[in-house]
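Positions are given from 1 along the sequence. Quantities reported herein were computed from a predicted structural model and do not represent experimental measurements.
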Amino acid sequence: MFGLQFPVASGRCTRGAFMTLLKVKRELQEELDCHFILVIDTEGLKAPELASLEDSYEHDNELATLVVGLSDITIINMAMENTSEMKDILQIVVHAFLRMKEIGKKPSCQFVHQNVSDVSAHEKNMRDRKKFLEQLDEMTKVAANMEKKQWNYLFQ
């Protein structure tokens, strides 16, 4: 996405977290209001190789909180095939954003969907997007309930 090459384990998956600092071109510094961009690449949440570990859920929550806490914008790359896994990832991410809201930080989140059909299949993409937004709403309610917050707390 940023033209960067980070070390990967087998299967083109990142292990751990890697960061690199990119210098913003002089002509974009004023528009972006920054001189550098820090790009953080982490292993995926719900990584199959970590699933057998006793504290994998805690590990995922800590990783999501770290990345969201350090970021102004978090880009989440998700496959759309496994609905259960997608819901788990959404819940973990929403918890991280709820934690940031508690301390007054309001980072932005963008989702990138893998394995979405060709852009010419507009109707199917709109259905998938609607389903995704419904699941995001559902997981926001679940996470807010677990954190004892109103479900729309995150959006206030």
Output a table of donor-acceptor pairs, distance under 3.5 Å, between side-chain atoms of residues 62-70 and any protein atom two or more places apart or on a different chain; print 'none' if there are none.
from, atom 1, to, atom 2, distance (Å)
Thr65, OG1, Asn61, O, 2.8
Thr65, OG1, Arg99, NH1, 2.6

Rounded distance (nearest 0.5 Å) linking atom CD of Glu31 with atom CG of Asp33: 11.0 Å

Any side-chain heavy-atom pair of Val39 and Leu21 under 4.5 Å: no

CD1-CG distance between Ile37 and Leu28, expressed to the nearest 0.5 angstrom: 8.5 Å

Whether over 12 other heavy atoms sit under 6.0 Å from Ile73 CD1: no

With Lys105 via side chain to side chain contact (heavy atoms under 4.5 Å, CB included) - residues at least two apart: Asp72, Met100, Ile103, Pro107

Rounded distance [0.5 Å steps], OG1 in Thr20 versus CG in Leu38: 8.0 Å

Euclidean distance, Phe111 CZ relative to Leu136 CG, rounded to 0.5 Å: 5.0 Å

All side chain to side chain contact (heavy atoms under 4.5 Å, CB included) counterparts of Lys25, not counting sequence neighbours: Glu27

Spatial distance of atom CG (Asp60) from atom NE2 (His95) [nearest 0.5 Å]: 12.0 Å

Straight-line distance of Asp137 CG to Leu90 CG, nearest 0.5 Å: 11.0 Å

Residues in side-chain hydrogen bond (donor to acceptor under 3.5 Å, both in side chains) contact with Lys130, at least two apart in sequence or another chain: Glu134

Partners meeting salt bridge (Lys or Arg N to Asp or Glu O under 4.0 Å) with Asp88 (sequence neighbours left out): Lys46

Beyond-backbone contact of Phe97 with Thr74, side-chain heavy atoms, under 4.5 angstrom: yes

Result of checking Glu138, Gln135, Met139 against Gln91 for side-chain contact (heavy atoms from CB on, under 4.5 Å): Met139

Qualifying residues under side chain to side chain contact (heavy atoms under 4.5 Å, CB included), relative to Gln29, sequence neighbours excluded: Lys23, Val24, His35

Trace of the side-chain contact (heavy atoms from CB on, under 4.5 Å) decision for Ile76 with Val93: CA-CA 9 Å; Ile76 300 170; Val93 170; 3.3 Å; yes

